[in-house]
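We use all heavy atoms of the structure for the numbers below, so side chains are in, but hydrogens, waters and symmetry mates are not. Please read all numbers here as calculations on a predicted model, not as lab measurements.
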Amino acid sequence: MLMYPEATIPVCQLSVQNGKSAEYHYNLGKALAPLRDEGVLIIGSGNVTHNLEAVGPNDGPIPKWASDFDTWLKDALLNGRYDEVNNCEKAPGMKMNHPSPDHLFPLHVALGAAGNGAKATLIHHSWTNSVISYASYRFTAAQ
């Protein structure tokens, strides 16, 4: 709504598959990559950290397990270590940050859709409820 207030862009929702892996979702994104050439905008909507059982106050301290995972993901994405991102079950604090991975898998779809050699850029970063990172990344295709 904020990007296209006139609603002139078609929208198609894709559901993530909790029973599948991060790599599965990355490959799903790769299958969608040709749509870029048709002018399709692919957006992955989720959270970098998402443990609703540990929610705290908005102005509360960010726990180390949450900030460590957020930093790990940022470093891996910005340095092109996408194999690590696709094996996120081995990431520090993955289970604590994502008891269920459904809020992280959209990132893998978007990353895969950007294509081989894509570059990640951090475009927004904020926290809410002490444990939910709203870090947002843009993936641009290799030139």
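- L73 places a side-chain heavy atom less than 4.5 Å from the side chain of L107.
- Of all the heavy atoms in A33 and A113, the pair that sits closest is CB-O, 3.4 Å.
- Alongside V131, the hydrophobic cluster contains L52, V55, W65, M96, I132, Y134 (criterion: ILVMFWY side chains under 4.5 Å).
- Between C88 and L104 there is a side-chain heavy-atom pair separated by less than 4.5 Å.
- Residues Y137 and K74 form a side-chain contact, since some pair of their non-hydrogen atoms from C-beta on lies under 4.5 Å apart.
- N51 CG to N129 CG: the interatomic distance, rounded to the nearest 0.5 Å, is 11.5 Å.
- Under the 4.5 Å side-chain criterion, counting only non-hydrogen atoms from C-beta, L32 is not in contact with K30.
- Neither I43 nor L111 shares a network with the other; the hydrophobic side chains, linked directly or stepwise wherever heavy atoms of I, L, V, M, F, W or Y lie under 4.5 Å apart, form separate groups for each.
- Side-chain contact between Y82 and L77 is present, with at least one heavy-atom pair separated by less than 4.5 Å.
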Walk me through it: do N18 and S100 pass the test side chain to side chain contact (heavy atoms under 4.5 Å, CB included)? CA-CA 7 Å; N18 265 347; S100 173; 3.2 Å; yes
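- Using a 4.5 Å heavy-atom cutoff, the side chains of P106 and V16 are in contact.
- Side-chain atoms of N79 do not come within 3.5 Å of backbone N or O of R81 as any donor-acceptor pair.
- Aromatic ring centres of H108 and Y26: separated by at least 6.0 Å.
- Judged by distance alone, the side chain of T49 and the main-chain N or O of S133 form a donor-acceptor pair under 3.5 Å.
- The aromatic ring centres of H98 and F69 sit less than 6.0 Å apart.
- Note on L35 and V109: same hydrophobic cluster, where clusters join Ile, Leu, Val, Met, Phe, Trp and Tyr whose side-chain heavy atoms are under 4.5 Å apart, directly or indirectly.
- Linking ILVMFWY residues whenever their side-chain heavy atoms come closer than 4.5 Å, directly or via other members, leaves I123 and L78 in distinct clusters.
- Shown here for V85 and A76, the closest heavy-atom pair between the two residues is CG2-CB, 3.7 Å.
- Side-chain contact check for Y4 versus L41: some heavy-atom pair is nearer than 4.5 Å.
- Of all heavy-atom pairs spanning F139 and A114, the tightest one is CB-CB, 3.5 Å.
- With hydrogens and angles disregarded, no donor-acceptor distance shorter than 3.5 Å links the side chain of S130 to the backbone of I62.
- Nearest heavy atom pair, residue N97 against residue P92, reads ND2-O, 4.3 Å.
- Across every non-hydrogen atom of K20 and H25, the tightest pair is CB-CE1, 3.9 Å.
- Minimum heavy-atom separation, H124 to L122: O-CD1, 3.3 Å.
- A heavy-atom distance below 4.5 Å is found between the side chains of L28 and L14.
- H103 and H50 have their aromatic ring centers within a separation under 6.0 angstrom.
- Cluster annotation: V48 is connected to M94 through the hydrophobic network of ILVMFWY side chains, with a link wherever side-chain heavy atoms come within less than 4.5 Å.
- Looking only at distances, no side-chain donor or acceptor of T71 sits under 3.5 Å from a matching main-chain atom of D68.
- Under a cut-off of 6.0 angstrom, the local environment of CZ in R36 is crowded, with over 12 non-hydrogen atoms contributed by other residues, nucleotides or ligands.
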